[in-house]
Amino acid sequence: MGKIAKISAGHAPRGLIVQISGLLPSLSPAQLRVARFILSDPAEAARRTITDLAAAAETSEATVVRFCRSVGLTGYPQLRIRLAAEAASRIDPPDARVAGGDIPPGADLAQIIATIGFHDARAVAETAEQLDPAVCERVVAAIHAAARIEIYGAGASGLVAADFQRKLHRIGRLAFCFPDGHTALTSAALLGKGDVAVAISHTGRTAEAIGVLALARARGATTVALTNHPRAPIAAAADFVLATAARETTYRTGAMASRLAQFTVVDCLFVGVATRNRARTRRALELTAEPLSATVGRAAAKPDSGSS
């Protein structure tokens with residue numbers, strides 16, 4: 001086992017549908033066809049025999065069994081039981097036209113709003129449900145004790161990284177965010193034991209995020225990966241892996257539902273750190289609020305230059 005356990009043995013497993021979605025990039029082409037068929041209609045997949053499912057996915061029964069083991073199940077009977085249970089508890093979209101997260105050609109704005117609203121809410125809810133409190137607690141403890149915290153992310157993940165940095169900085173934590181890959185590498189090279197590096201990547205395959213986290217770990221820092229795919233390459237460079245549960249709809253790949261899911265995890269970590277020392281947090285928030293309030297007050301009191 002690595003330096004730090006990434007999964008708590010006592011934590012309930014992720015929802016099977018969420019787990020399968022997170023493992024898609026790591027599956028073989030044949031297993032991927034099985035996964036996509038299951039995700040398209042879990043209830044229908046649960047009703048099929050292994051022979052029927054293999055035929056529908058254009059693969060063999062042996063591949064279906066290998067797929068079951070890839071997602072941590074002992075065999076096909078367990079897969080059917082889990083799928084049936086999740087299908088029975090699944091919440092249907094409020095709009096019957098919302099199906100599978102896709103926004104079809106010709107969709108009106110009402111359908112677009114219903115689809116986006118439903119899947120954004122589901123991403124947040126499913127992320128919260130499958131987060132491992134024990135792992136989150138250890139990440140919070142590492143950040144709370146850290147001399148320096150560095151947070152990395154590119155593109156949409158960079159927005160989440162910047163938000164996390166600002167939140168920590170607001171309560172007096174020495175935190176930095178480096179959206180530029182070269183600057184991130186030079187900063188990671190200066191980290192050491194007692195520091196924490198957090199890399200945010202929806203796919204878990206962003207080369208810059210992986211490189212920065214690997215370098216930070218080599219320097220002795222505690223490393224945290226926040227990704228939607230817990231078996232992605234970034235996990236190899238992380239002491240802790242925190243997984244989101246976002247499934248993007250058409251036109252929104254890696255930019256919307258994933259970002260909201262990442263914000264959910266970041267907010268949980270931030271509040272966890274903030275409550276470690278409530279008096280210090282309250283004082284920091286008061287000190288940072290004073291100059292902001294004064295600035296707003298002066299702006300409001302300034303006379304309109306165009307008035308007579």
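Side-chain contact between L39 and S21 is present, with heavy atoms from C-beta onward closer than 4.5 Å. For the pair L23/V71, a side-chain contact is recorded, criterion being any heavy-atom separation below 4.5 Å from C-beta on. Looking at I17 and L83, their side chains come closer than 4.5 Å, going by heavy atoms from C-beta outward. V140 places none of its side-chain heavy atoms less than 4.5 Å from the side chain of T275. Looking at Y76 and L79, their side chains come closer than 4.5 Å, going by heavy atoms from C-beta outward. The closest side-chain heavy-atom distance from L16 to L73 is below 4.5 Å. Counting only heavy atoms from C-beta outward, the side chains of I116 and H119 never approach each other to under 4.5 Å. A 4.5 Å side-chain heavy-atom check between T222 and F240 finds at least one atom pair inside the cut-off.
What you find for A274 and T281 is that their closest heavy atoms are O-OG1, 2.7 Å. Considering every non-hydrogen atom in both Q130 and V18, the closest pair reads CG-CG1, 4.3 Å. When all heavy atoms of A235 and P230 are compared, the closest pair comes out as CB-O, 3.4 Å. Summarising the geometry of L269 relative to C136, their closest heavy-atom pair is CD2-O, 4.1 Å, with the distance given to 0.1 Å. The shortest non-hydrogen separation linking E150 to A188 is OE1-N, 3.8 Å. The two atoms that bring A243 and T127 nearest to each other are O-CG2, 4.3 Å, heavy atoms only.
The hydrophobic clustering, which links ILVMFWY residues whose side-chain heavy atoms are closer than 4.5 Å, places Y152 and V196 apart. If you chain together hydrophobic residues whose side chains sit under 4.5 Å apart, I20 and I81 never meet in one group. There is no path of hydrophobic side-chain contacts, each under 4.5 Å, that joins I234 to L24. The hydrophobic cluster containing I149 also contains V224, counting ILVMFWY residues as joined when their side-chain heavy atoms lie under 4.5 angstrom apart, directly or transitively. One hydrophobic cluster holds both L174 and V212 under the rule that ILVMFWY side chains link at heavy-atom gaps under 4.5 Å.
The side chain to side chain donor-acceptor pair (under 3.5 Å) pairs that include a residue from residues 203-216 are S201-T206, where partners are two or more places apart or lie in different chains. Residue pairs that meet the salt bridge (charged side-chain N to carboxylate O under 4.0 Å, His left out) test with at least one member in residues 47-58, sequence neighbours left out, are E44-R47, E44-R48. Screening residues 186-201 for salt bridge (charged side-chain N to carboxylate O under 4.0 Å, His left out) gives no qualifying pairs among residues at least two apart or on separate chains. Legend: salt bridge (charged side-chain N to carboxylate O under 4.0 Å, His left out) pairs involving residues 154-163, not counting sequence neighbours, sorted by first then second residue: D163-K167. Within the structure, the salt bridge (charged side-chain N to carboxylate O under 4.0 Å, His left out) test picks out the following pairs touching residues 271-280 (sequence neighbours left out): E137-R276.
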>> Working note: I143 + R173, criterion side chain to side chain contact (heavy atoms under 4.5 Å, CB included); need CA distance, chi angles, decisive distance, verdict.
In response: CA-CA 9 Å; I143 292 174; R173 302 292 170 177; 5.7 Å; no
> Can H229 and S26 be said to form a side chain to side chain contact (heavy atoms under 4.5 Å, CB included), step by step?
Replying inline: CA-CA 8 Å; H229 305 291; S26 66; over 6 Å; no
> Between V160 and V265, does a side chain to side chain contact (heavy atoms under 4.5 Å, CB included) hold up when you go through it step by step?
Replying inline: CA-CA 10 Å; V160 181; V265 179; over 6 Å; no
>> Assess the residue pair F270 and I171 against the criterion (side chain to side chain contact (heavy atoms under 4.5 Å, CB included)); give the C-alpha distance rounded to whole Å, side-chain angles, the decisive distance to 0.1 Å, and a yes or no.
In response: CA-CA 10 Å; F270 166 72; I171 60 172; 3.7 Å; yes
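Put simply, the side chain of T264 gets close to the backbone of L260: a donor and an acceptor are under 3.5 Å apart. Of the possible polar contacts, one joining the T223 side chain to the D239 backbone as a donor-acceptor pair under 3.5 Å is found. Q31 contributes no side-chain N or O that, together with a main-chain N or O of L27, makes up a donor-acceptor pair within less than 3.5 Å. In terms of modelled atom types and a separation under 3.5 Å, the side chain of T227 and the main chain of H202 share a donor-acceptor contact.
Interatomic distance, CG of L168 versus CZ of F164, reported as 4.5 Å (0.5 Å rounding). Here the CD1 atom belonging to I200 is positioned 11.0 Å from the OG atom belonging to S258, to the nearest 0.5 angstrom. The line from CZ of F67 to CZ of R33 is 13.0 Å long, rounded to the nearest 0.5 Å. Between the CG atom in L191 and the CZ atom in F176 there is a gap of 10.0 Å [rounded to 0.5 Å]. Atoms CG and CZ, on L287 and R170 in that order, are 10.0 Å from each other to the nearest 0.5 Å. One finds the CG atom of D132 at 10.0 Å from the CZ atom of R138 (value rounded to the nearest 0.5 Å).
R166 and H169 are not linked by any side-chain donor-acceptor pair at a separation below 3.5 angstrom, with hydrogens and angles left out of the test.
Within 6.0 Å of NE2 on H144 lie more than 12 heavy atoms contributed by other residues, nucleotides or ligands.
Legend: residues meeting side chain to side chain donor-acceptor pair (under 3.5 Å) with S60, ordered by chain and number and at least two apart, are T63.
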